[in-house]
Each structure stands twice: as C-alpha cells, then as structure tokens.
Amino acid sequence: MDVSFSGHVTRVVAVDEPTQVGQVRREALALAARIGFDETDSGRVALAASELASNLLRHGGGGKVHLSVVQGRDTPGVELYTVDSGPGFVLSQALVEGYSTGGSQGLGLGAVKRQAMVLDSWSDARGTIVVVRIYPERAGPRVDLPYGALRLAMRGEQTCGDAWHLSIADTRATLTVIDGLGHGLPASDAAHVGVRRAAEAGVQAPSQLIEALHQAMSGTRGGAVAVATVPLAGGEAQFCGIGNINAGIADASTWRGLASMPGIVGVQFRKAQAFNVHAAHGTLLLMHSDGLQGRWRLQDYPGLVHRHPALVVAVLQRDFDRGRDDASIVALRMGAW
C-alpha cells in the first residue's frame, strides 16, 4: 500500500436555522466535486449532509458541521462530522428504522448509514458527535484507513498555519505535523513548504526528514515540527520533534508522551535527535499543535480510545480547542491497516 496525502483545511459550517442546512449540502457537494465524485456518489454525499445538518436542528438544538477530505486505501473520500450540545442518543437505537428522539419519522441516521463506509458517534453530558465517511462506490471495493485528522484555521482567518502529511510505503508510515510560527499567510506559507518537502521525501527516518524540512523551510518564518515513522502492524516506532507539537502513544490506561527538543525548524535548533518508542498493536499515535490544550486524558472518556480515530480527534477538538490559534490533530491506529 502506497499513500501520500497532505491534510486539507477543514470547513466548519454553523447550523442554527433551517437555511443553513442548504449551505451544508452545497459545501459537501463542492467538496465531493473537488475530489472527482460523479453525480451518483455526489448525491450520496448530499443526502448524508442534509440529514446530518437537519438532525442538528431537530435533536441537538443546532450545532456545527465539519467537512474534510479524507484518504482511503485507494481513493479519497468525504468526511462529515457534527457537534451539538443536545441531550444525546444511543447510536444502535438511532439506526433502527422508525426510532426518533424528536418526533420525526426516524429515518435519518439509517439513511446516512446506507451511504457511509464509516459511521460512529459519541454522546456525553456536553452533547453528541456523529462522524461519517463516504467513499465513491464507482471506485470498486472501498477500504477506509484507520486515522483521524483535523486542520482548522484560526477564527477570522482564511488560511491555516498548521499542516500535516501522511506517507505510507509497504508496511511503514511517516506522519509529519507542522505548526507554522504565528498564524495567517506567513505561517501558512511555512507549513506548506514543509509538507511539500515531506511529500517528496515519503517514508523516511524522522531525524533525516526534519533536517530536510529545515533546509526547505529556510527563508520562511519556520515552525514547530514533529515526525513519527511507525510500523503499521505495531512495533518499534521512531519519533523526533522540534518545538511545541504534543505527541504520544495512548492505550486504554496510559499515555506515553514523546518529548520534543527546543527550536524552530527553518530558523534554528541544536540537533534533530530521534528516539525509539514501542507502539503496540491497537494503540493510538496522537500528534497535535498547541492550538489544542495539552491537558486532556483519554482515560476521562471511557472506551473512546477503542473507537474510530476520527471520533477520538473530534472529541478532543470539541473539548480542548483553544479557539485563538490554528489547530491540527492527527491520530493513527496501530495494527489496523
């Protein structure tokens, strides 16, 4: 399996009144067209987008829809996830035809499930998150990749100074996360130069890749960078970080943080020193910029670590986004590729 994918900026649409359901549908159709969905597959995306946005109003009292491009094994797809502050529901009940918590016909999530390769949800005292991934049926057998990611621009900005890239070759993957210094266009330019170089390098030892990024990002304002190269089946991973990217390995009971060295890639740092860490089958590799607070604990969300990585990412972004900076977060599941 060979994959080279740089994360697109996530679009966020607020849904507080009925006309915004149409906006979500139009945004989803534009995203599907951008990655080459045909009319039939675009229609599947439009149906899911409309149902999810409508459910926000009917059952959640309004909320937000996040729209992203995701990479499957052989083809890109569309990811939509919703966040609300409503009373919540049990997904297994909500998928039963005719079940409803708000007086509707109870057909919405069942219709969404028929279009989706991935459907997962999380409900707690803060509300509900529903994650959906749709891949084109015309592409033949579809295989989702067990990762989750978000790339969000700071409020009021059109560009995002955070970026990430995932390279997979054979049985190994290299994940690169970059936080361009500051925000706006200069930060975005620095991050773009970095992920372009990461895409060219492919799967590579982390310390060597950071040295290459340092050369490429020279002349930009630079940024914090973290690189992890991992065996997809789980096992001995390598990590190297410069600056304040939060990274670590999570399982049901522990979080092992991965230390980064001080400095700014593209400007100045002492040495790119990599070290090895064991990433067992089933664990999550998580990396995020300082647009998210680092004080979260997955143990505070019983069972979440075992759910789809996209759901893990969505929950952490909901609860720990600082709201005053660009934010990016990526989670990879070991051993599920």
Side-chain angles (χ1 to χ4, degrees), residues 4-13 31 34 64 66-71 147-167 174-201 206 209-228 239-247 258-270 272 286-296 313-314 316-318 320-331:
S4 180
F5 181 72
S6 295
H8 297 224
V9 176
T10 302
R11 284 282 296 138
V12 183
V13 181
L31 200 61
R34 189 166 116 197
K64 294 179 179 178
H66 296 65
L67 304 98
S68 301
V69 175
V70 292
Q71 181 61 46
Y147 82 93
L150 285 171
R151 184 182 171 210
L152 294 161
M154 188 176 78
R155 292 167 194 165
E157 292 285 350
Q158 297 299 312
T159 58
C160 182
D162 287 3
W164 62 272
H165 182 82
L166 177 64
S167 291
T174 294
L175 173 63
T176 304
V177 176
I178 301 174
D179 180 356
L181 194 63
H183 54 83
L185 279 173
S188 177
D189 289 344
H192 177 72
V193 169
V195 294
R196 186 170 61 195
R197 183 66 185 89
E200 293 169 355
L209 181 51
I210 284 187
E211 293 287 358
L213 295 180
H214 183 59
Q215 295 290 329
M217 294 169 67
S218 177
T220 73
R221 63 169 49 183
V225 177
V227 179
F239 175 83
C240 183
I242 303 293
N244 55 349
I245 302 293
N246 192 16
L258 305 176
S260 292
M261 302 295 107
I264 303 172
V265 175
V267 179
Q268 186 177 14
F269 62 89
R270 185 170 296 178
L286 278 145
M287 296 166 61
H288 68 77
S289 70
D290 66 351
L292 269 68
Q293 302 170 37
R295 58 181 178 83
W296 50 266
V313 163
L316 293 181
Q317 189 277 328
R318 179 196 67 176
F320 296 99
D321 193 323
R322 294 183 187 276
R324 58 179 185 272
D325 198 358
D326 302 314
S328 59
I329 175 170
V330 187

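Everything numeric in this text was worked out from a predicted model, so none of it was measured.
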Exercise: identify the closest heavy-atom pair between [X] and [Y]:
{"X": "Asp321", "Y": "Ala327", "result": "OD2-CB, 4.2 Å"}
{"X": "Ser167", "Y": "Ala198", "result": "OG-O, 4.0 Å"}
{"X": "Val267", "Y": "Thr220", "result": "CG2-O, 4.5 Å"}
{"X": "Ala247", "Y": "Met287", "result": "CB-CG, 3.6 Å"}
{"X": "Ser260", "Y": "Gly243", "result": "CB-O, 3.2 Å"}
{"X": "Ala331", "Y": "Val313", "result": "CB-CG2, 3.8 Å"}

Side chains of [X] and [Y] in contact at under 4.5 Å (non-hydrogen atoms):
{"X": "Val70", "Y": "Tyr147", "result": "yes"}
{"X": "Thr10", "Y": "Leu150", "result": "yes"}
{"X": "Val12", "Y": "Leu152", "result": "yes"}
{"X": "Thr174", "Y": "Val227", "result": "yes"}
{"X": "Leu316", "Y": "Ile329", "result": "yes"}
{"X": "Gln293", "Y": "Arg322", "result": "yes"}
{"X": "Leu286", "Y": "Trp296", "result": "yes"}
{"X": "Leu31", "Y": "Arg11", "result": "no"}

Could you tell me the separation between the [atom1] atom of [X] and the [atom2] atom of [Y], rounded to the nearest 0.5 Å?
{"X": "Cys240", "Y": "Glu211", "atom1": "SG", "atom2": "CD", "value": "8.0 Å"}
{"X": "Phe239", "Y": "Ile245", "atom1": "CZ", "atom2": "CD1", "value": "8.5 Å"}
{"X": "Leu185", "Y": "Glu157", "atom1": "CG", "atom2": "CD", "value": "7.5 Å"}
{"X": "His183", "Y": "Arg324", "atom1": "NE2", "atom2": "CZ", "value": "11.5 Å"}
{"X": "Cys160", "Y": "Gln158", "atom1": "SG", "atom2": "CD", "value": "11.5 Å"}
{"X": "Ile210", "Y": "Met217", "atom1": "CD1", "atom2": "CE", "value": "10.0 Å"}

Stepwise side-chain contact (heavy atoms from CB on, under 4.5 Å) check, Leu213 with Ile242: CA-CA 11 Å; Leu213 295 180; Ile242 303 293; over 6 Å; no

From CA spacing to verdict: side-chain contact (heavy atoms from CB on, under 4.5 Å), Leu166, Val330: CA-CA 10 Å; Leu166 177 64; Val330 187; over 6 Å; no

Derivation and outcome, side-chain contact (heavy atoms from CB on, under 4.5 Å), residues His214 and Phe269: CA-CA 9 Å; His214 183 59; Phe269 62 89; 3.3 Å; yes

Test log, rule side-chain contact (heavy atoms from CB on, under 4.5 Å), inputs Ser328 and Val177: CA-CA 8 Å; Ser328 59; Val177 176; 3.9 Å; yes

Main-chain N/O of Ala153 paired to Asp326 side chain as donor or acceptor, under 3.5 Å: no

Main-chain N/O of Asp162 paired to Arg151 side chain as donor or acceptor, under 3.5 Å: yes

Residue pair His165 / Ser4, side-chain donor-acceptor N/O under 3.5 Å: yes

Whether over 12 other heavy atoms sit under 6.0 Å from Gln268 CD: no

